[in-house]
Q: 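Here it is, the structure in full.
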Amino acid sequence: MTRRRDRVVEEITDLYVRKGDASYGEGVSLAEHSLQAAWLAEQEGQAPPLIVAALLHDIGHLLHDFPDDIADRGIDSQHESLASAWLSQHFSPEVSEPVRLHVAAKRFLCAREPAYLTALSPASVQSLHLQGGPMSAEEVKCFVAEPFKDSALQLRRWDDLAKVTGLGTPGFDHYRAAFTAVLGR
Ligand code: FE
């Protein structure tokens, strides 16, 4: 019988192989963006759950069948909710919660750091408006009470940096050990 870990990793790999070539809208594919985010987390010496969270933070974009240009059509796919609902079936909250909160983290940083807002890429600004814009004072209060807010903020910074066209990174196989660490043997 196939181990649970193998089945989950296979399902994830299949999603990225089939749909990861989709454009992320920033000069990189979704798979490249994901691998760059995970590589940034690993280079900072982060623990396996946060490395896996970085790798899979945009899996929500692979779980829906909306077109790539959905944001141009003025629709928020709520990919963070799709992702965390899927991830929480297989992974602990250390993985699924930072993913659920990575859009909230952007809205939080926009409310708290004017320089963050002005440094956002055009695609991120476009999605920000669809996602509700910078947080209100009340939303900020709720966000800072989230147990995984710090991990979500770290993930957000890697997300924002993981858009370098042509940057070589290790591939998905490189993260087998991290998957084993979070899913067990
Ligand atoms: Fe992302």
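Each ligand, and each atom within it, is numbered from 1 in the order the structure gives.
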Q: With distance as the sole criterion, is a donor-acceptor pair present between the side chains of His79 and His57 under 3.5 Å?
A: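 Judged by distance alone, the side chains do not pair up.
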Q: Quick check: of its N, O or S atoms, which one does Asp159 have closest to the Fe ion (ligand 1)?
A: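 The atom in question is OD1.
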Q: Show me the pairs that pass salt bridge (Lys or Arg N to Asp or Glu O under 4.0 Å) and involve residues 79-95, at least two apart or across chains.
A: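 For residues 79-95, and leaving out neighbouring residues, there are no salt bridge (Lys or Arg N to Asp or Glu O under 4.0 Å) pairs at all.
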Q: By atom name, which N, O or S atom of His57 is the nearest to the Fe ion (ligand 1)?
A: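 Closest to the Fe ion (ligand 1) among those atoms: NE2.
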Q: Does the side chain of Val17 come within less than 4.5 Å of Phe172's, by heavy atoms?
A: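 They are not in contact (no side-chain heavy atoms under 4.5 Å apart), so the answer is no.
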Q: Thinking salt bridges, do Glu146 and Arg100 make one under a 4.0 Å N-O criterion?
A: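 Judged by the 4.0 Å cut-off on N to carboxylate O distance, Glu146 and Arg100 do form a salt bridge.
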Q: Can you give me the OD2-the Fe ion (ligand 1)-NE2 angle for Asp58 and His33, to 10°?
A: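 Seen from the Fe ion (ligand 1), OD2 and NE2 are separated by roughly 90°.
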